[in-house]
Amino acid sequence: GSSLFHAGITDLIGEKMVRVTGKSERNIILATLIVSCLLSSVCSNIGVMTAMAPLVTAMCIAAGVGPSKALLALLFGAQFGGFVTLVGVGSNATANSVMSDLGITPFGFFSITPFGIGVCILGTLYFTFIGRKMIPDTGYVPEFAKTEKKPLDKKKAAISVVTLLCVLVVIAASPDNMPMHVAAVIGALVIVGTKCMSVQEAIRAIDWNCMLLVGSLTAISTGFKNSGAGDAVTEMILKILGDDPSPFMVTTVIFFAACGLTQFMSNTASAALLCPIGIAISQQLGADPKAVLMAIAVAASCAFASPVGTPPNTLVLGPGGYKFMDYVKCGTGLVVVAFVVSLVVIPIVWPFFPAN
């Protein structure tokens, strides 16, 4: 990301993007949400954020707007788009794995698409017109953008863009012999080795506070899981549901239990913990297990209200200059949006108690 600024290409791209959006913060946020939703429907959310963060920052700088809110819009848009296909979020794959192990026909690639489209539309509208007003413009500029404005160097720009695209392709393909972090380090070495940036400039571009925060919060998440807190939640679910719950009650309790856990645990861990319980609940109630598991899979990826629940949230915490409560303020509304979409879509596409 920083190499794009050092090559001078982000200034050029930012100015061209501002011609489309104007200098309105609302328009910039809306455009960011739409593009990130579209890209993350076919790419990983980490990849979308890697590719888009420098461009969104450059667009904000060119418009004279603080980039902090737009970076949060980029984060949420990347998460919304992940709901469009089954492979977009890890909790879906976890639910499918549990279903396969138990002999239940897994979800199809586009099974979650009706929900994903609803979340993309309503989530984008909510954050653009309501959510962004609940958080401050911190005035924080990411470390990778803190460089002197430099003239366009076509050679360096070409190397930076090609390197970034190659890293993104590897992240999207996720080959077993080339993990994401290895591809990123190789890309960084190419940038330094071709003298697009010096070693000192590369080191200054890294947000070390963010790196330490990610590691620390990962430990907290693991501790939350290992402490037995998740098991206590599942026991509470069974008590709340009782013997003859309505589809509304099943959706509500399952959704908020999974959603609550995923604010402090990874989405795959939350889904892995609750999916077996979901199967047991569906068997006990005579409900379709697909409906219960879809509610769990969807809710387990709604880590909007905490910087701890998923790595992309934490990655924006430092560059955006936000606090924990900022996520709670604007993310809680997004959780409600996802819940409303679930209440409408799940009973229609996957009825809890299908007619015989």
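Being a predicted model, the structure only gives us computed values, none of them experimental. All values below were derived from every heavy atom in this structure, side-chain atoms included, with hydrogens, water molecules and symmetry-related copies excluded.
With hydrogens and angles ignored, the 3.5 Å screen pairs a side-chain donor or acceptor of Tyr322 with a backbone N or O of Lys69.
Only one option out of Leu165, Thr163, Leu164, Ile159 pairs with Val161 in a side chain to side chain contact (heavy atoms under 4.5 Å, CB included); it is Leu165.
Here the side chains of Gln79 and Ser301 are not in contact, with every heavy-atom distance at 4.5 Å or above. With contacts defined as side-chain heavy-atom distances shorter than 4.5 Å, the pair Arg26/Phe129 qualifies. With contacts defined as side-chain heavy-atom distances shorter than 4.5 Å, the pair Ile28/Met17 does not qualify. Contact of the Tyr126 side chain with the Val336 side chain is not registered, since no non-hydrogen atoms from C-beta on lie closer than 4.5 Å. A 4.5 Å side-chain heavy-atom check between Phe80 and Leu334 finds at least one atom pair inside the cut-off. Between Tyr327 and Ser306 there is no side-chain heavy-atom pair separated by less than 4.5 Å.
In this structure Lys329 satisfies the salt bridge (Lys or Arg N to Asp or Glu O under 4.0 Å) test with no other residue, sequence neighbours excluded. Residues passing the side-chain contact (heavy atoms from CB on, under 4.5 Å) test with Ala78, sequence neighbours excluded: Ser40, Asn45, Val48, Met49.
Phe83 and Ile112 get closest at one heavy-atom pair: O-CG2, 2.9 Å.
The aromatic ring centres of Phe339 and Phe256 sit less than 6.0 Å apart.
Between Phe127 and Phe76, the ring planes lie perpendicular to each other; the angle is over 60°, past the 30° to 60° tilted range.
A donor and an acceptor atom, one from each side chain of Lys150 and His6, are located under 3.5 Å apart.
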